[in-house]
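Note: hydrogens, waters and symmetry copies are ignored here, and every other heavy atom, side chains too, is used. All chains are named by letter (A, B, ...) in the order of the sequence lines, taking the proteins before the strands, and each is independently numbered beginning at 1.
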Amino acid sequence: MTITNITFSSEQEQLRNAVMNFARNELNPGIAERDRAGSFPRDLWEKCAKQRILALPFPEKFGGDGFDFLTTVSVFHALGYACKDSGLVHALASQVICGIQLLLFGDESQKASLLPDLCSGKLIYAQAITEPCSGSDAFAMQTNAIKQDEQYIVNGTKTMISNGPIADNVIVFAISDKSKKAFGGVSCFIISKEATGFSKGKPLEKMGLRTLQNGELFFNDCTIPCTSLLGRAGQGMMIFNESMEWERTLIPALLLGEQERVLDECVKYAKERSAFGQPIAKFQAVSHKIAAMKVNAELGRLALYNVAYLKNQRKHAALESSIAKLFISESLKQACMEAIQIHGGYGYMTEFEVERELRDSVVSTIYSGTSEMQANIIARLAGL
Amino acid sequence: MSTKEIIRAFVSEELLHDHNQNKLQDEDQLIENGIIDSLGIMTLLVFLEEKFSIQVSGDDLVPENFSSITAISSLTERYLKK
C-alpha cells in the first residue's frame, strides 16, 4: 500500500475551490458555440495563465509557483470537474507536461530561458511524437534528425499533435542514430515555430475536444542549433517514458473530474425527471447505472491519487500510471454512454450537454497510449 | 549478495526470457540483445528504487547506464554513495 489518505490540505482545498469558481464563471460561458466552431479560446487561455494554472508545479526561480505535483494534480482534477471546455483543459495539461519535460531534462540555460514564458502562457507548447504511420508503435517513427557540425537537420511529419497548430515551441522526438534501436537512437529537440523548414498544417476536424487544436507539423530540412537538443543525444526514449508517467497522471485527473461532473448531472436529472408517476431515480434500471458510475469514480480517485503520490516523490510509476489511465478513461467513456441513456432523448440533444461530454470522452481511451497499450504495459509489468 | 549479484538475479529472473542466470555475463549487451527494452527499463527502474532506495533521474537516464550488468551496478553504486 502506498497511499492511505487522500484528504486535501486546507491550501489545496482553497486552490481547488478558487479554480472551480474561476472555471464556472470565466471558462464555461460560450462553450457550446466554441465547440461548434472548433475554435481555440486564446482569451481564456490567457485568463487561465493569469490564474497561474500553468505555473503550478514549476520552481519560482523559473517563473512558477512552486507547488508540488500532488497539489497540481488536485487542481487539474478540480478543473476537469468544473470546466466544461474539455478541449481547453487538455491544452493546458499539454503545456504543463511539456514544462515538466523541460524541468526534468533541460539544462539550466534552457530552463531559465523557456520556462518563464511557458508558465505565463505567453508561449504555447506542444509535444510531437505521433506520425502518420506510427501511433501506438511510437518508435517506428520516421522523422529523423541528422547532426551536421553544430546543427541538426530535421525531416519528417508529425500528426494529430495537440496544441500543434498554435504552438510557439514544439518538443519533437526524432531518430538521431539509425544504427541504434529506439533505446539510444531517438533524441528530443525543442523547435521554435520560427525555425527554417518548419511549417504547420491547419487544425484537424475532430469528433470531440473540438476547442483543442490538433494538427500536422512538417519538417523539411528544418535546421536547428545543437542547443535545441533536450537532454542528451539518444535519450529520447527515456524522456518519452518519463513523460508518459507524468502525462498518464495529469490527464486522468482531468478525466476523473469530468466523470464526477457527469455523475452529478445524472443524479440531478434522475431526481428531477419523472416517469410513471415518480422520479426515474426510483427505478433500479436507472439507480444501478448511477451506482456503477459512483463506484468507478471512487475507485478512479484511489488510482489517481496513488500514482500522484508516487510521482510527487519523484518515484517511477509506470504500472500505476497505466492503471490510472486505463481505468479512468474507460470509466469516463462508459459513464458518458450511460448518461446519454439516463437522459433519454434529451441526452441526444446538444442542449443537455451530455452528448458533448460523450464526444469529448471517446478519444480518452486512444490518446496517450490506447487502452490496449495500457493493458500490454500492465500485463508486462505484472510479470507476464 | 553483492549489488552486481542482486541486479544479475533480477535481470535474469524478470527480463531474461528463459530465466537462466548462468547464461548472463556481466558484460553482455542488454539493450543491443533486446534483453532490456522500453518496458524492461521501467521494470528495472522501479526495482532499483525499491531494492536500493535510489531514484535514478535526469542525465543518468541514458542507455549507457543500462547497457550491461556492470553498467547498471556502477550506476547503482554511484547513487548509493550519494
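Atom NZ of B/K4 has more than 12 neighbouring heavy atoms from other residues, nucleotides or ligands inside a 6.0 Å radius. In this structure, A/Q151 places its CD atom where more than 12 heavy-atom neighbours from other residues, nucleotides or ligands lie under 6.0 Å away. Within 6.0 Å of CE in A/M141 there are more than 12 heavy atoms belonging to other residues, nucleotides or ligands. Applying the 6.0 Å contact sphere to NZ of B/K81 captures no more than 12 heavy atoms from other residues, nucleotides or ligands. By the neighbour-count criterion of 12 heavy atoms within 6.0 Å, atom CD of B/Q29 is densely surrounded, having more than that number from other residues, nucleotides or ligands.
For B/I41, the part lying near chain A is the side chain, with the backbone staying farther off; criterion is any non-hydrogen pair under 4.5 Å. If you measure heavy-atom distances from A/R314 to chain B, the contacts under 4.5 Å come from both the backbone and the side chain. For a residue to count as touching a neighbouring chain, one of its non-hydrogen atoms must lie under 4.5 Å from one of that chain's; by this rule A/I377 touches chain B with backbone and side chain alike.
Atom CG of A/L319 sits about 11.0 Å away from atom CG of B/L39, to the nearest 0.5 Å. Once rounded to the nearest 0.5 Å, the distance linking CD of B/E49 with NZ of A/K315 reads 7.0 Å.
Checking side-chain atoms of A/N241 against main-chain N and O of B/S38 turns up a donor-acceptor pair under 3.5 Å. With hydrogens and angles disregarded, no donor-acceptor distance shorter than 3.5 Å links the side chain of B/E64 to the backbone of A/G184.
At least one side-chain heavy atom of A/R380 sits under 4.5 Å from a side-chain heavy atom of B/D37.
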- Message: Between A/M238 and B/V62, is the side-chain contact (heavy atoms from CB on, under 4.5 Å) condition met? List the steps.
- Response: CA-CA 7 Å; A/M238 290 293 206; B/V62 288; over 6 Å; no
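Here the shortest heavy-atom pairing between A/F105 and B/G58 reads CE2-O, 3.8 Å. The two residues A/L381 and B/M42 make their nearest non-hydrogen contact at CD2-CB, 4.4 Å.
Paired with A/H316 under the rule side chain to side chain contact (heavy atoms under 4.5 Å, CB included), one option of B/L48, B/T43, B/L44, B/L45 passes, and it is B/L45.
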